[in-house]
Amino acid sequence: MVNAEGLTKVYKSKELEFRALDDVNISFDSGKIVSILGPSGSGKSTLLNCLSGIDKPTSGNVFIDEKNITTLKDDDLTEFRVKNMGFIFQFFNLIDVLNAVENVELPLLVLGKDKKESREKSLKLLDRVGILNKAYNFPSTLSGGEAQRVAIARALISEPKIVWADEPTGSLDSKNSFEIMSLIKELNEKNGQTFVIVTHDIRVSNFSHEIFKMDSGKIVAQELV
Ligand SMILES: Nc1ncnc2c1ncn2[C@@H]1O[C@H](COP(=O)(O)OP(=O)(O)OP(=O)(O)O)[C@@H](O)[C@H]1O
């Protein structure tokens, strides 16, 4: 379960203060697909970054399975993230000089896992996300939909409990968006992983179990689908 209380994020520049998150309380169960919807600038990415420990809130606490991640030291937080979380971004964030399978296996190698086993596991996962035939392609030779499948495989390779996705379909056409969301739904159903997806695309939220709507740094509505 993810539970955040009183999350506030204030950006300060010179004399100006901007409240990107304003006393947000949010909670959702594990194993769900959760969408965070809202207009540009409403604080969606800031919320995702604070919930996932990428960013520190100005005040408030985030509990993941009852562990308060806001009070963890940087090294402990990094370790917690590597072991328990995967990330998917709008522009895929693949490493250009590594091919698809090398991108996918990288998190395992960072964790010191066996090279041969890591390669086998990565190839299996590329097969599962439907692009084993592109395993040795470099990112520049992949279509947007293919690159996002590689990024999803990379996010899932260390079997994280939670996958955070910031506009995962934001740079894809509607056919590829639908396919990527169908894949996320299938993976969620088979593995029981929690997916938290920031989007401003209402069609993406149709794949969710729960939708939170944001406006001006606050959660203004919550719907169970
Ligand atoms: N580092 C920063 N310094 C100052 N202001 C920031 C910073 N990061 C974000 N903001 C502001 O906080 C607000 C929320 O930003 P955020 O990126 O969370 O919105 P969003 O809902 O994800 O928007 P979008 O859909 O356009 O990505 C915006 O007004 C943004 O300008």
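Whatever order the structure lists them in is the order used to number ligands and atoms, beginning at 1. Heavy-atom basis, side chains included; hydrogens, waters and symmetry copies ignored.
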Nearest-neighbour protein heavy atom for [atom], which is reported as residue plus atom name and distance:
atom: atom 19 (O) of ligand 1; result: G43 N, 3.3 Å
atom: atom 10 (N) of ligand 1; result: Y11 CE1, 3.4 Å
atom: atom 11 (C) of ligand 1; result: F18 CE2, 3.8 Å

Over all heavy atoms of both residues, which pair between [X] and [Y] is shortest? Give the atoms and the distance, please.
X: F138; Y: N99; answer: CE2-N, 3.5 Å
X: I95; Y: N103; answer: N-OD1, 2.7 Å
X: V82; Y: S158; answer: O-OG, 3.9 Å

Beyond-backbone contact of T46 with Y11, side-chain heavy atoms, under 4.5 angstrom: yes
Ligand 1 versus M214: contacting region, heavy-atom distance under 4.0 Å: neither
Region of S13 engaging ligand 1 - heavy atom pairs below 4.0 Å: neither
Name of the residue among R119, K113, K115 meeting side-chain hydrogen bond (donor to acceptor under 3.5 Å, both in side chains) with E105: R119
Protein heavy-atom contact under 4.0 Å for atom 30 (C) of ligand 1? no
Less than 4.0 Å from atom 16 (P) of ligand 1, is there any heavy atom belonging to the protein? yes
Option with minimal heavy-atom separation from atom 23 (O) of ligand 1, where the choices are G217, G41, S42: G41
Going by the closest heavy atom to atom 25 (O) of ligand 1, which one wins out of K44, R19, E17? K44
Does NZ belonging to K213 count more than 12 external heavy atoms closer than 6.0 Å? no
